[in-house]
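Worksheet: the structure to be examined is printed underneath.
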There are 2 protein chains.
Amino acid sequence: VTGVAGRMTPKDHPNRPGEFAMIAQIFAPLSGSAPGAFGLSDDAASCTLPTGHDMVVTTDVLVEGVHFLRDDLAELIARKSLRVNLSDLAAKGADTVGYLLTLSLPDWVDTGWLEGFANGLRVDQDEFGIALLGGDTTSTPGPLTIGITALGSVRRGGMLRRAGAEVGDRVFVTGTIGDAGGGLEILQGSEDSLSEADRDFLVSRYLLPQPRLGFGTLLKGLATASLDVSDGLIADLGHISDVSGVRIVVEASNIPLSPALAALWGNGTGTAARAASAGDDYEIAFTAPESLLQTLNAASQESGVVFTEIGRVEEGSGVSLLDPDGNAVAVDKPGFTHF
Amino acid sequence: VTGVAGRMTPKDHPNRPGEFAMIAQIFAPLSGSAPGAFGLSDDAASCTLPTGHDMVVTTDVLVEGVHFLRDDLAELIARKSLRVNLSDLAAKGADTVGYLLTLSLPDWVDTGWLEGFANGLRVDQDEFGIALLGGDTTSTPGPLTIGITALGSVRRGGMLRRAGAEVGDRVFVTGTIGDAGGGLEILQGSEDSLSEADRDFLVSRYLLPQPRLGFGTLLKGLATASLDVSDGLIADLGHISDVSGVRIVVEASNIPLSPALAALWGNGTGTAARAASAGDDYEIAFTAPESLLQTLNAASQESGVVFTEIGRVEEGSGVSLLDPDGNAVAVDKPGFTHF
């Protein structure tokens, strides 16, 4: 798109290559040998899916000052940006196909930053078997803004949905909850009583989410509803509750907490409630009939991803968090929204 | 994605609904009855293509102050944002499938603006037979930033490419060239010698590009190379030249100019050169063998989109613009880049 203001004053950026050179030198190598990416030399990418498959598409935007800070490592900004999208694909049971990248670049972004960002993408592309298929770059007078659209594939009609939880189902979540919230607290505060290993674990859980792709694809045909936990466990289960038209009851004592988070926040119902509203977990929360527990355990073994039963689906609406005596626990801030 | 800075100070926005309400009230209606959009209630969308088809994906970002101004009508910002992406699909020979929308919203965006923006999308969704399939919204401390990812479909392997122009092919372009550049000049200047009809025509050509979808789909199997003209005719033909490994020669006197643009800039080689570097045309430039001219004329008749032969493909590299005496014409600013 040609600019209005920018058009009148096309800027020189002494610190980074021009648009075409930047694409050719820094980003085209990330398209690798993906046949439909055409080395980022075309207006669009072309994706061939296996016969009888649907394309699954999801998109997320990350803004400097809102989702990351300018001084964060470019490599880690890149990897988190990609991973939060891959986490959506995982929770939908999709195999990865590729992704598109948009960058709105302020003047402070220089070649070194772009190279670091591309290096981060490269590392995670290799880890998750995905390539860059296309994108767009523009200048901006505002904050660095990163958009990623992730493309995946599922057998026709097989995308895991938020709708579908049934009364009697059990509620599960992968991994541990609240770690990213603890990691953010460490990054922003002066906490110094933790062991270095615990600090590193929690901070890395915040900086580098782990999309549960291997487990997600095995959930197809098993989970009745599924999503990734980004707003906070209770808030996200609320989405399943809303769309499925059911009540979800979670036992606070069953919410899986890491030893590192317990060292930071202590154990108990209060910590569980705090963890369940912290957000940024990028674990998969899902519902499934109890009869499938053995199959789910096999999927866990195969993928190396642990999960925990945390509650049950009942008639009604809303999400309740119960303490060990069966009393409802207040959740102060049910997740974070940007508005 | 949970925020860093924003997370600590979740803002109230008295002028617009919260994130979930905004999606439900303003954007979910735009997903219509598209089966894979799930009423925007899920983490991802699911797209089923006809058997034997590929997905074509393209994305563009538009930034306040760079691509549009804050005071521009929200309806028109929406429609242009969508149309520049549809123009890419058209030039690739794709049928429209749907689109994703990301919005990074500064505080000044209120409910009225969002409703106007959604109205604009609605109008063009109806015109081009496309629905909103998903997206993401976030707050930003910077300029309003709009990202659109357009999804289309083509028969397997049938996407029109920039690569493929062959020596001996003719070069064509749809519509007229330079109108948007004239329209922008009118909007930014004090030009007042034109008739109101001419002014309106040129300004509307700048504000509301016309994706040539009907013609584009008919180009499949005919055009050897194709792209949409956004950077400027000469610059964009340069992309075909680069990727196809050929020289492209354009006759300045054959570049199609509208009567309105001729009234603004005059006729002649100088105007043609200026038009050919103005950009924002969103016409389709393509190459095809001369033997297909009759078939191309039939496609023009069927779609109601006119095209003009403007040059030829030769051995060599680069793009040359020739005056009626066969001398090369300098093109001062071969298109606009944002860097």
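The structure displayed is predicted, hence computed values, not measured ones. Reminder, nothing fancy here: chain letters follow the sequence lines and each chain counts from 1.
The cationic group of A/R161 lies under 6.0 Å from the six-membered ring centre of B/F38 and within 45° of the ring axis, placing it in a cation-pi geometry.
B/P143 is listed as a side-chain neighbour of A/P143, based on a closest heavy-atom distance under 4.5 Å. Taking the side chain as every heavy atom from C-beta outward, A/H67 and B/T138 approach each other to under 4.5 Å.
Residue A/S81 does not touch chain B at all, counting heavy-atom pairs closer than 4.5 Å. Contacts between B/V243 and chain A at a heavy-atom distance below 4.5 Å involve the side chain alone, from C-beta outward. Using a 4.5 Å cut-off between heavy atoms, A/L227 touches chain B through backbone and side chain atoms alike. Looking at B/S46, the atoms closer than 4.5 Å to chain A (heavy atoms on both sides) sit in the backbone and in the side chain alike. Neither the backbone nor the side chain of B/D242 comes within less than 4.5 Å of any heavy atom of chain A. With a threshold of 4.5 angstrom between heavy atoms, A/V63 approaches chain B through side-chain atoms but not through N, CA, C or O. Interface residue A/S41: backbone and side-chain heavy atoms are both found under 4.5 Å from chain B.
Close approach to chain A, defined as a heavy atom under 4.5 Å from one of its heavy atoms, is seen in B/D88, B/K92 of residues 86-96 of chain B, taken by number. At a heavy-atom cut-off of under 4.5 Å, chain A is reached by B/T145, B/T149, B/L151 from residues 144-153 of chain B, listed in order of number.
Between the B/T58 side chain and the A/D43 main chain, a donor and an acceptor come within less than 3.5 Å of each other.
In this structure, OG1 in B/T59 is found 13.5 Å from OH in A/Y99, a value given to the nearest 0.5 Å.
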Let's go through A/T48 and B/D54 carefully: what are the C-alpha distance in whole Å and the side-chain angles of both, what is the deciding distance for side chain to side chain donor-acceptor pair (under 3.5 Å) to 0.1 Å, and is it a yes or a no? CA-CA 5 Å; A/T48 302; B/D54 290 336; 2.7 Å; yes
For A/H239 and B/D42, run side chain to side chain contact (heavy atoms under 4.5 Å, CB included): C-alpha distance rounded to whole Å, both residues' side-chain angles, the deciding distance at 0.1 Å, then the answer. CA-CA 8 Å; A/H239 300 319; B/D42 217 304; over 6 Å; no
